[in-house]
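Below is one structure, written out as structure tokens; comments come after it.
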Amino acid sequence: MNINSKLPSVGTTIFTVMSRLATEHKAINLGQGFPDFPMSEELVALVNEAMKDNYNQYPPMPGWLPLREAIAEKIEFLYQAKVNPDTEITITPGGTYAIYSSLTAILNPGDEVIVFEPAYDSYIPNVEINGATAVKINLVFPDYKIDWDAVRRAVTSKTKAILINSPHNPTGSVISAKDIEQLRSIVKDTNIFIISDEVYEHLIFNNLPHQSILRYPDLLERSFVCFSFGKVYNCTGWKLGYCVAPAELTKEFRKVHQFNAFSCFTPTQVALTTFLKNKEAYLGLSSFMQEKKDYFKQLMLQTRFSMHESYGSYFICGSYERISDESDKELAIRITKEAGVATIPVSAFYHNGKDDKVLRFCFSKKKETLEMAVERLMKI
Ligand code: PMP
Ligand code: GLN
């Protein structure tokens, strides 16, 4: 059979490749981004309770309404935005799905979407499967800041959307109020949509404010803002998230969603409705994760990696010019096999495999895991 692939150049994601290799070689997995410590017992108990209470049938297509109401309250508390839970919030099976559905809702063949590289690996295939073109702009190495002049030059009459991600995977960079000003001046008086991937909203360090698009009504009116509970509550396997977008945009978003997942797992939605009221559980996450980042960065001084700074996310990058001149993929594979530590080569986040000789490390791990990993990395 001839499938005539819609994504001919796409292989298996680097996260799966490296996690598989880690398992095969019994390596410590600092590659794929997931915590190795247990999630909140209280939240687990709330899910059990919801199942026992018989919340096991389809929830409404846009999501369990009390959860959407709790999200709207949280958004007002954090970002002073009034969002209508009925018409502007949709619960999704994860953040990736929310991003895909947003793009699918707006893209037509021939459209262009501005994407910054290194880019989370689903973005470009999500654009291309819709017949649109991803216009790639490199973040400026080594700080991975956005070059707004390059964005201005890249805008054409076909530009349908700009996709931003802060805190950023894989680099841990974050956008500032100045970036928001630049974005605002570029999209003003245009029909350009914004897709904002904010799955790491609560993983931002040094008391930096998260520059959510939700803070800016003039930007929100053209935006799909995507979130993930997996990242907020250390339960990446739950695959539950949501998309916030103005009613007109949400209407189109739900046309895509209703004939894809239709709805999401009910018990977690019921449980999260209660758990979201506990502000400490999400407000404390940044300092909890910053401690891990600082600890890991400090430990890594004993190795020959030169660590960059990370201002948010689960990730920190490290250059390895003092170790070898291998490609980042070669080195990532070699240290998984020889040292027993899996990482992610950052070139995997570039469509053309641009190799700045940087590896990404996930530090959302137990202290012992980080210590054991660094002990192994010292031998490299
Ligand atoms: N965007 C980025 C940048 C991510 O790192 C992740 C986490 N894997 C997601 C989106 C998606 O999260 P989810 O697992 O909820 O689909
Ligand atoms: N977001 C996670 C990461 O960057 C992985 C997600 C996935 O495996 N698809 O590591």
Side-chain angles (χ1 to χ4, degrees), residues 1-24 31-34 90 92-139 154 156-165 168-170 192-193 195 197 199 224 226 228 230 236-237 239 241 243 252-262 264 327-330 332-333 336 342-356 360:
M1 300 295 289
N2 180 9
I3 290 183
N4 192 13
S5 173
K6 289 181 151 181
L7 298 170
S9 56
V10 167
T12 303
T13 93
I14 190 69
F15 308 120
T16 302
V17 170
M18 292 310 296
S19 282
R20 199 184 287 148
L21 200 66
T23 308
E24 207 177 296
Q32 191 178 23
F34 61 89
T90 310
T92 61
T96 313
Y97 177 103
I99 295 160
Y100 173 79
S101 304
S102 305
L103 289 165
T104 302
I106 57 170
L107 291 182
N108 292 298
D111 287 343
E112 293 176 357
V113 180
I114 293 178
V115 176
F116 300 100
E117 289 190 307
Y120 182 56
D121 72 344
S122 69
Y123 298 162
I124 294 173
N126 281 185
V127 169
E128 290 178 347
I129 204 160
N130 283 295
T133 303
V135 176
K136 298 105 178 165
I137 296 180
N138 287 345
L139 295 173
T156 72
S157 58
K158 293 184 188 160
T159 307
K160 190 66 170 275
I162 299 177
L163 206 166
I164 57 172
N165 169 217
H168 184 251
N169 178 5
I192 300 174
F193 291 92
I195 316 285
D197 178 348
V199 302
F224 295 85
C226 302
S228 169
T236 59
K239 295 299 294 187
C243 176
E252 290 303 313
F253 181 97
R254 289 181 185 170
K255 287 184 192 173
V256 177
H257 169 62
Q258 72 180 348
F259 295 130
N260 195 2
F262 176 74
C264 312
S327 73
D328 63 355
K329 281 193 173 137
E330 283 167 338
I333 290 169
T336 308
T343 59
I344 301 286
V346 170
S347 66
F349 298 84
Y350 287 94
H351 74 287
N352 56 3
K354 180 173 184 281
D355 184 359
D356 291 317
R360 187 195 82 173

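When reading the values below, keep in mind they use all heavy atoms of this one structure, side chains included, and skip hydrogens, waters and symmetry mates. Note that the structure is predicted; figures quoted are calculated from it, not measured.
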Side chains of [X] and [Y]: closer than 4.5 Å at any heavy-atom pair?
X: Ser347; Y: Lys329; result: yes
X: Leu163; Y: Leu103; result: yes
X: Ile124; Y: Lys136; result: yes
X: Ile106; Y: Phe224; result: yes
X: Tyr123; Y: Ile99; result: yes
X: Ile129; Y: Tyr100; result: yes
X: Ile164; Y: Ile195; result: no
X: Cys243; Y: Phe253; result: yes

If we count only N and O atoms by modelled type, under 3.5 Å, do the side chains of [X] and [Y] hold a donor and an acceptor together?
X: Glu128; Y: Thr133; answer: no
X: Gln32; Y: Ser19; answer: yes
X: His257; Y: Tyr97; answer: yes

Quick one, Asn130 with Thr104, criterion side-chain hydrogen bond (donor to acceptor under 3.5 Å, both in side chains). Give me CA distance, side-chain angles, the key distance, then yes/no. CA-CA 6 Å; Asn130 283 295; Thr104 302; 3.1 Å; yes

Please round to the nearest 0.5 Å and tell me the distance separating atom [atom1] of [X] and atom [atom2] of [Y].
X: Thr90; Y: Gln258; atom1: OG1; atom2: CD; answer: 10.5 Å
X: Asn260; Y: Arg254; atom1: CG; atom2: CZ; answer: 15.0 Å
X: Arg20; Y: Thr336; atom1: CZ; atom2: OG1; answer: 13.5 Å

Which heavy atom in [X] sits nearest to a heavy atom in [Y], and how many Å separate them?
X: Ser102; Y: Cys226; value: OG-SG, 3.9 Å
X: Thr159; Y: Ala154; value: OG1-O, 4.0 Å
X: Pro345; Y: Met18; value: CD-CG, 4.4 Å
X: Val127; Y: Ala134; value: CG1-N, 3.7 Å
X: Ser122; Y: Thr96; value: OG-CG2, 3.7 Å
X: Val115; Y: Ala119; value: CG1-CB, 3.8 Å

Answer yes or no: is there a donor N or O on one side and an acceptor on the other, between the side chain of [X] and the main chain of [Y], under 3.5 Å?
X: Asp121; Y: Phe349; answer: no
X: Asp197; Y: Val199; answer: yes
X: Asn169; Y: Tyr120; answer: no
X: Asp111; Y: Leu107; answer: no
X: Thr16; Y: Thr12; answer: no

Just one of His168, Arg360, His351 clears the side chain to side chain contact (heavy atoms under 4.5 Å, CB included) bar with Pro118, so which one? His168

Report the C-alpha separation of Val135 and Val113 in whole Å, then their side-chain angles, then the decisive distance to 0.1 Å, and conclude whether the side-chain contact (heavy atoms from CB on, under 4.5 Å) test is met. CA-CA 6 Å; Val135 176; Val113 180; over 6 Å; no

Give the C-alpha distance, both sets of side-chain angles, the deciding distance and a yes or no for side-chain hydrogen bond (donor to acceptor under 3.5 Å, both in side chains) between Tyr350 and Asn138. CA-CA 9 Å; Tyr350 287 94; Asn138 287 345; 5.2 Å; no

